[in-house]
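For reference, the structure discussed in these notes is given below.
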Amino acid sequence: MATVEKAIRPRVKVTMTPIPTPAPNRRPGLLFFFGARPGLLRGARPGLLRGARPGLFVWARPGLLLLTAVLTLQPQPAAQTRHRIISLVPAVTEMLFAMGAGAEVVGVSSYDNFPAEVASRPKVGALVDPDFERILSLRPDLVVVYGSQDDLMSRLTRARIGIFQYRHAGLADITSTLRELGTRVGHRDDANRVAASIEVDLRAIQASVAGRARPRTVLVFGREPGTLRSLFATGGVGFLHDLVELSGAIDVFADVKRESLQVSTEQLLARAPDIVLELRASEGWDAVRLERERAVWRQLASVPAVRTDRIYILADSSLTIPGPRVAQAARAIAAVLHPR
Amino acid sequence: MIASPLRRGAPLVVACGTAMILAVLAAPFVGTTDLSLARVFSTTMPFSDNVDAQIFFLARLPRAVAAALVGGTLAAAGVVFQGLLQNPLATPYTLGVSAGASLGAMIAITFGAAIPVGGVASASLAGALAAVLIVYALANGRQRGMSTTVLLLAGVTLNAFFSALILFVQYLSDFAETYRALRWLMGDLDVAGYASILASLPFIVVSFLAFTWLARPLNLLSLGREAAGGRGLDVTRTQRVAFFSGSLATGAAVAVGGPIGFVGIIVPHLVRLLVGADHRLVLPASTFFGAAFLVACDVVARTALAPLELPVGIITALIGGPFFLWLLLRRR
């Protein structure tokens, strides 16, 4: 990989070098050069061309050719605030689009699928396999990375590309990330507006379930289809746990201070949840399949959720992404926990 | 001549058998949830409402039975493979069975939600059988009879090749699936009911019938191919039976509990230290001891960090790794 980097770096340097702005009056060679190739400037500055004296500045041609080459390599000058952003984090990609910075997103992770516009953006890998060469080739000035991508961060720093570190955390961190990101990419007001509206929505959902009985809930986000083996649920940390509690439930594994844990059959029986809520990131299970997967729980007949048939499987990728659609997710979960 | 060590070793086999039965019976009483025994064995309370009885009979007992089944099978298969390959460092996984089983399981975990491949256990069994057939075809191809050297090389190569395929399948999978796949490789005996135990039982019973026949031929084989042949043993047939029954048993065990390591190597060696090298003693004693050992390891796995599950493969490896090294150094 080091060789790849070496091969790429000089090109980056070229784009970084300050290019002297041509000042036509003090540099007649340039005028001559353009004059000799009339197609380029004719019409643009006809008055200046008239004063040029051919023959005197022949020496300048090779140098100017070089300068022209450099000028064509220079990225097209854009408005001062416009960024070129790559996001390796789907949740942050959604945030960027939500705050109106979608047009500045020039690359996304291989797991991105929302909003629909990301389909047109180049995919540059994800957490374990970021494609550094591809990232460089998109000439970003800001790359959103996971806080654990140390190697990628040091390479980006060496290439003098800006970094925004994302850390997966609780529900409150979603809006704080939104605000921080908005300030960073120059969409502060829009980001603040989006964050505030999420907070308003979440408070409204919280208020709507206030005072209602809080069912003891297990939130399952993975297991072997057709069985209750290798079943993973949320522990007492992280945005999914926060979502469940905010939507008016008690997380049965709130005492386990981890984002997730593997749950044994014994624990399922012993914790006796009133509600089983399964989140599946991948859609595409038909009604028959869903019913079959719900039926798998019936073997644990003593679990209250099984006795009252309160087993829900929600198949929607938005539910597992800690992004701007989180209030929507909270509403969906609250609707299951507290049906009208 | 053979009768006297056999008689001397018999009590040890009985002791191992007793240890296995005690372990399976005692394990369901151990756990982090407090159970009331009166409720567990209550005849008045309907089972569907009885949490204590469900924890005992649906969570803990199947786990203990699965651990005994897997532990006993892997230990016996280890004995068979060590006898077949005439190599003390052979394990049930040496000939690529577990890699094939793992590949099957990885495919089922990664693509199972989209394509119904019939569950992780059956996919892993199918993978194991595919690996067995490939290795057999390779070892049997060039000459009449099986070459243990070719068998070993084919197995080791297939292990490496399948491992690469496993990594490739994992690379294609999602975050959550990658984690579940990795977790499967660490071994898990929380079978949540008896279905997977019953499904693997026919394969294991057939294998053990073959093992009982194999005890004497493996004793002869330990004298060397020529000597065994000279004493009237059909060496090729013995090798075939050992290879297929050992592989089938391993595949069935891995389908239930994942590729749990070290049981198949440390238990046979420990048992040989106790009862000597006669396969008529080593095979049953290893089966019983392996069963008791894995039941005990699984109790540790589910209680040590409860409510978190500790992968049982980590426990067996923590005990097995140092033991394996000790064995290696002792042999020098």
Side-chain angles (χ1 to χ4, degrees), chain A residues 90 109-111 125-129 168 220-233 235-236 252-253 255-258 260-272 279-285 288-289 292-293 296-304 306-307 315 317 320, chain B residues 28 31-35 45-56 58-60 62-63 105 108-109 112-114 116-122 170-171 174-181 183-184 186 188-196 256 258 301-303 305-311:
Chain A
S109 87
S110 41
Y111 290 111
L127 178 63
V128 290
D129 59 345
H168 194 68
V220 176
F221 59 82
R223 68 174 161 89
E224 195 180 306
T227 74
L228 294 179
R229 295 194 66 174
S230 67
L231 185 145
F232 287 86
V252 291
F253 290 107
D255 60 314
V256 182
K257 295 300 171 203
R258 291 164 58 111
S260 72
L261 71 154
Q262 187 186 10
V263 181
S264 65
T265 318
E266 173 166 347
Q267 287 298 329
L268 284 175
L269 288 164
R271 302 269 171 152
L279 300 186
R280 287 203 58 83
S282 52
E283 287 104 316
W285 278 3
V288 180
R289 185 80 196 266
R292 202 163 67 221
E293 291 299 334
V296 167
W297 288 88
R298 295 210 182 108
Q299 57 184 298
L300 305 184
S302 73
V303 172
V306 177
R307 270 189 294 182
S317 64
T320 50
Chain B
T32 42
T33 320
D34 283 327
L35 298 186
M45 204 170 178
F47 184 70
S48 61
D49 296 340
N50 193 338
V51 181
D52 293 40
Q54 290 209 340
I55 290 179
F56 191 92
L58 289 182
R60 292 186 189 169
R63 264 187 101 139
I109 290 171
V117 284
V120 176
S122 42
Q170 283 196 350
Y171 185 79
D174 255 333
F175 281 152
E177 287 153 1
T178 307
Y179 190 72
R180 279 209 297 131
R183 181 63 188 80
W184 188 88
M186 297 180 198
D188 180 16
L189 292 163
D190 187 27
V191 289
Y194 299 91
S196 58
V256 174
R302 64 186 165 85
T303 53
L305 292 179
L308 300 180
E309 283 273 309
L310 201 59

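All chains are named by letter (A, B, ...) in the order of the sequence lines, taking the proteins before the strands, and each is independently numbered beginning at 1.
Shown here is B:Asp34, whose CG atom has no more than 12 heavy atoms of other residues, nucleotides or ligands within 6.0 Å. Counted within 6.0 Å of OH on B:Tyr171, heavy atoms from surrounding residues, nucleotides or ligands total 12 or fewer; the atom is thus considered open.
Using a 4.5 Å cut-off between heavy atoms, B:Thr32 touches chain A through backbone and side chain atoms alike. When heavy atoms are compared at a cutoff of 4.5 Å, A:Val263 approaches chain B solely by way of its backbone atoms N, CA, C and O. Both the backbone and the side chain of A:Glu224 come within less than 4.5 Å of a heavy atom of chain B. The contact between A:Ser230 and chain B is made by backbone and side chain atoms together, counting heavy-atom distances below 4.5 Å. Interface remark: B:Phe56 contributes no atoms to any contact with chain A (heavy atom separation under 4.5 Å). Residue A:Arg223 touches chain B through its backbone alone, counting heavy-atom pairs closer than 4.5 Å.
Between the CZ atom of A:Arg229 and the CZ atom of B:Arg180 there is a distance of 11.5 Å, given to the nearest 0.5 Å. The CD atom of A:Glu266 sits 9.5 Å away from atom OG1 of B:Thr303, with the distance rounded to the nearest 0.5 Å.
In terms of heavy-atom pairs under 4.5 Å with chain B, the best-connected choice from A:Ala270, A:Ser264, A:Gly222, A:Pro304 is A:Ser264.
Residues B:Asp188 and A:Gln262 have side chains that bring a donor and an acceptor to within less than 3.5 angstrom of each other.
Counting all heavy atoms, side chain and backbone alike, A:Leu269 lies closest to B:Gln54 at CD2-OE1, 3.3 Å.
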* Verify side-chain contact (heavy atoms from CB on, under 4.5 Å) between A:Thr265 and B:Arg63, making sure each step is shown before the conclusion. => CA-CA 10 Å; A:Thr265 318; B:Arg63 264 187 101 139; over 6 Å; no
